[in-house]
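Protein chains get the first letters and strands the later ones, always in sequence-line order, with residue 1 at the start of each.
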Amino acid sequence: MSQRCASLCRRDTQTACAKWHQMKQEALQVVWFKRDLRVEDNAALARAAERGPVLPLYIVEPDYWREPDANHRHWRFAAQSIAALNLNLSDRGQPLVIRFGEAVAVLDSIHKTHGIATLWSHMETGNHWTFMRDRRVAGWCRDNGVPWHEPRQFGVIRPLPNRDGWAKAWDRQMRAPRSTAPIALRPIANMTSDPLPSPEQLGLAPDGGSACQKGGREAGLMLLESFMEQRGRTYRRAMSSPLEGADACSRLSPHLTWGTLSIREVAQAAWARQESARSEGTRTGWTGAMTSFLSRLHWHCHFIQKLEDAPPIEWQNLHPAYDGLRPNAPDSPLLAAWQTGQAGLPFLDACMRSLEATGWLNFRMRAMVMAVASYHLWLDWRAPGLHLARMFTDYEPGIHWSQVQMQSGTTGMNTIRVYNPVKQGLDQDPDGLFIARWVPELAGLPAAARHRPWAYAEGQRLLGRDYPHPVVEPAAAAKNAKDRLWAIRKAPEHRHAAEMLVARHASRAPTRRSKKRKNPPSSTPQQLTLRFD
DNA sequence: AGTGCAGTTGACTTT
DNA sequence: TAAAGTCAACTGCAC
């Protein structure tokens, strides 16, 4: 504000300046909260508050919650976070105004009664539905002469000419000072607010998520603290284990999705933890843990950037050579067996059942369950991808659809990774504890038989009665899938299209030099390797 | 002590 | 964030 005021004061009379201050008092700043449900480090809110009286707004959009990727557990988390945000804003003098309806209609009605000077919201890279809704809102803003500012909260750049310098920009943004929350908000007169609807009112059926994470900034702060103080120390070693990962991973993901914490404050906490570990001197594992964690925060934005640059990845193969490879209509019994944890592959089933109840899986297990759907079960990624979107409390469209396509091999860019669900189980859950926890039918078996009940007499006795026979033979199914994928990848036109995709979407990372390379490193220029991983 | 050989390990390639 | 295969170096052991 000071800049504009100063220039006016210099150029014009004091009266003009006073008039501008007067106008500023009345110029309603609507802060439209979307997936940034916090007042701390919220640039939209902070900047709006510098300009004039703030109307904090949340729009419950029934059409959004009718989309196939939306689910009961998402709304529960969002609603808890919205309620907490409302309390926080109320303490500052102006409660959150909740409106039920279509965004343009809501904005238009507020504009007619109160007059919106400026609209503020964070820059959102959501699904196709939110993208189209934002286009309608942008049109309305243009028609009504309302400027709409969308400061960034993630490292996503809009528009992005190319990927050069992206990582540096991410670093700069995350290290920048956090925005401070306005201490007091001036109450807005005559503003009505709707109650938060129940999931049923939004048409959302219960989804079996009895043990999903709780929303609200308080829960996020507690996770952040316990992760940085204690849980995170073994992050690097334990994150891939389905049992240990639940504790050793930060579990901050839904808070980043709904913005109850800003990714910047999380990254800065990690850097601070790294610093304190270094100054302590003793080897505790914290520096390495934080390095791994920070690289994942970086990947978070890296993947969302992909959806920003290529919205069709939500419904279309990134690489067209894979169109028609798998049947469009899913094989319903196979899909159902996979979804419900009744595929007869114990470790896979344990993961799927655990996901349904808790809304969370560690990264490796997410990759595995998607790979099994895509390769062993030969399902097109759309139906399994939708199921996972609905199951993940932390569903973030940009990360999700990039990963789904990557794990089904339809990007054509990265190498095919066919996870072996039996081997992963033996590697990550050697004692079969995770299987026993989620597939109690098999808990009475010795560990080895829990992983492969068909290979042991005592396991065979349960098959077809207490626990299903495997829906596919894993080794043969994997071989078949690899053969079909590699047949496509060998075609020269596949490579050509893949190179174009790599140039557009892949990260730029320095080549890792082989340890045994005899050539002196200085003889070759630094090369760039392009990765979609 | 040196040699041959089977089995192991790790780095690297292929699918 | 894969898994299987290849190859060369290495190991332990018998002779």
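A:R73 and A:T393 share no donor-acceptor pair across their side chains, judged by distance under 3.5 Å alone.
Summarising the geometry, the separation between NZ on A:K479 and C1' on B:dT14 is reported as 13 Å, rounded to the nearest angstrom. When rounded to the nearest whole Å, the span between CZ of A:R296 and C1' of C:dT1 equals 8 Å. If you measure from atom CG of A:L348 to atom P of C:dA2, you get 17 Å, rounded to the nearest angstrom. Atom P of nucleotide B:dT14 and atom CG of A:L485 are separated by 19 Å, given to the nearest angstrom. Distance CG (A:D427) to P (C:dA4): 10 Å, rounded to an integer number of Å. To the nearest angstrom, C1' of C:dA3 lies 12 Å from CD1 of A:I416. The nearest whole Å value for the distance from the NE2 atom in A:H494 to the P atom in B:dT15 is 15 Å. Going from atom CG of A:L388 over to atom P of C:dT1 covers 21 Å, rounded to whole Å.
Pairs of residues two or more places apart, or lying in two chains, that qualify as salt bridge (charged side-chain N to carboxylate O under 4.0 Å, His left out) and include a residue from residues 477-487 of chain A are A:K479-A:D483.
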Check residues 436-447 of chain A and write down every donor-acceptor pair under 3.5 Å in which the side-chain atom is one partner and the other belongs to a residue at least two apart or another chain.
| unit_1 | atom_1 | unit_2 | atom_2 | d |
| --- | --- | --- | --- | --- |
| A:E441 | OE1 | A:R353 | NH1 | 3.1 |
| A:E441 | OE2 | A:R353 | NH1 | 3.3 |
| A:E441 | OE2 | A:R353 | NH2 | 3.0 |

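For A:E308, the side chain to side chain contact (heavy atoms under 4.5 Å, CB included) criterion is met by A:T125, A:V156, A:R158, A:Q305, not counting sequence neighbours. In terms of the side chain to side chain donor-acceptor pair (under 3.5 Å) criterion, residue partners of A:R66 (sequence neighbours excluded) are, by chain and number, A:D63. For A:R364, there are no salt bridge (Lys or Arg N to Asp or Glu O under 4.0 Å) partners at least two apart in sequence or on another chain. For A:R175, the salt bridge (Lys or Arg N to Asp or Glu O under 4.0 Å) partners two or more places apart in sequence, or in a different chain, are A:D171. Listed by chain and number, the residues in a side chain to side chain contact (heavy atoms under 4.5 Å, CB included) with A:T257 are A:R35, A:D394, A:E396 (sequence neighbours excluded).
For A:K482, no side-chain nitrogen or oxygen approaches OP1 or OP2 of C:dA3 to under 4.0 Å. Between A:Q407 and C:dA2, a side-chain N or O to OP1/OP2 separation shorter than 4.0 Å is absent.
Within residues 235-256 of chain A, no residue approaches DNA chain C, by heavy-atom distance under 4.0 Å. The stretch residues 361-375 of chain A touches DNA chain C through A:F363, A:R364, each having a heavy atom within less than 4.0 Å of the strand.
Of the listed nucleotides (C:dA3, C:dA2, C:dT1), C:dA3 has the atom at the smallest distance from the side chain of A:N420.
Stacking of A:R366 on the aromatic ring of A:F392 is recorded, both the 6.0 Å distance cut-off and the 45° axial limit being met.
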